[in-house]
Q: 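I'd like to ask some things about the structure below.
In each ligand, atom 1 is the first atom listed, and ligand 1 is the first ligand listed.
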Amino acid sequence: METLFTKIINREIPAKIIYEDDQILAFHDIAPKAPIHFLVIPKKPIRTLNDLTEEDKPLAGHLLFTAQRLARELGCEDGFRIVMNCNELGGQTVYHIHMHVLGQRQMHWPPG
Ligand code: AMP
C-alpha cells in the first residue's frame, strides 16, 4: 500500500527536500522535534526495518552515510542523533522506513 512518503518521492505532496539521488531522498520533518530534524528514506518502499533483506545492505549503508554527511552539512558536526522506529511498539507511524536525524540541541537518554 502506498504511503505518504511514496507521494513525497513522486512529488504528489510537497516537502522541503534536502537531497535526492536515484536511490534515496532526504527532507525536513514536518513536525520537527529539534532545531534540525530531517528524514532520510529509500525510494524503494520497504515497510519496516524487519523487512530489510540481505540485498538491501548497500542501500542501508548509503542511507546511513548520507545521513551523516547531511547532518554535517546542516551544522550538526558537534553531535546528532539518528533514530529508526520499527512497528507500532517502536513508535513507527509511517510504514516506509526512514532515518530521523535530529540535531542542534542537547539529546537525552533514554529516549521516551
Ligand atoms: P515515525 O513516527 O518514526 O514513523 O516518523 C514519521 C515522521 O514523519 C514523523 O516525525 C512525522 O512528523 C513525519 N511526517 C509525517 N508527514 C510528513 C510530511 N508530509 N512531510 C514531512 N514529514 C512528515
Q: Applying ring-ring contact (aromatic ring centres under 6.0 Å, His included), can you list everything that pairs with H96, at least two apart in sequence or on another chain?
A: none

Q: What are the distances between nitrogen or oxygen atoms of ligand 1 and protein nitrogen or oxygen atoms, counting only those under 3.5 Å?
A:
{"residue": "ligand 1", "atom": "2 (O)", "partner": "G91", "partner atom": "O", "Å": "3.2"}
{"residue": "ligand 1", "atom": "2 (O)", "partner": "T93", "partner atom": "N", "Å": "3.3"}
{"residue": "ligand 1", "atom": "2 (O)", "partner": "T93", "partner atom": "OG1", "Å": "2.8"}
{"residue": "ligand 1", "atom": "3 (O)", "partner": "N85", "partner atom": "ND2", "Å": "2.8"}
{"residue": "ligand 1", "atom": "3 (O)", "partner": "H98", "partner atom": "NE2", "Å": "2.9"}
{"residue": "ligand 1", "atom": "3 (O)", "partner": "H100", "partner atom": "NE2", "Å": "2.8"}
{"residue": "ligand 1", "atom": "4 (O)", "partner": "T93", "partner atom": "N", "Å": "2.7"}
{"residue": "ligand 1", "atom": "4 (O)", "partner": "T93", "partner atom": "OG1", "Å": "3.1"}
{"residue": "ligand 1", "atom": "4 (O)", "partner": "V94", "partner atom": "N", "Å": "2.9"}
{"residue": "ligand 1", "atom": "4 (O)", "partner": "H98", "partner atom": "NE2", "Å": "3.0"}
{"residue": "ligand 1", "atom": "5 (O)", "partner": "H98", "partner atom": "NE2", "Å": "2.9"}
{"residue": "ligand 1", "atom": "5 (O)", "partner": "H100", "partner atom": "NE2", "Å": "3.2"}
{"residue": "ligand 1", "atom": "10 (O)", "partner": "D29", "partner atom": "OD1", "Å": "3.3"}
{"residue": "ligand 1", "atom": "10 (O)", "partner": "D29", "partner atom": "OD2", "Å": "2.5"}
{"residue": "ligand 1", "atom": "12 (O)", "partner": "D29", "partner atom": "OD1", "Å": "2.5"}
{"residue": "ligand 1", "atom": "22 (N)", "partner": "I30", "partner atom": "N", "Å": "3.1"}

Q: With the side chain counted from C-beta on, respond yes when I82 and H100 share a heavy-atom pair under 4.5 Å apart, and no when they do not.
A: no

Q: Side chain of K43, backbone of D21: donor and acceptor closer than 3.5 Å?
A: yes

Q: Side chain of Q104, backbone of G75: donor and acceptor closer than 3.5 Å?
A: yes

Q: Could you list the residues that satisfy ring-ring contact (aromatic ring centres under 6.0 Å, His included) with F5, not counting sequence neighbours?
A: F27, H98

Q: List in chain and number order the residues that pass salt bridge (Lys or Arg N to Asp or Glu O under 4.0 Å) with E54, two or more places apart in sequence or in another chain; answer none if no residue qualifies.
A: K57

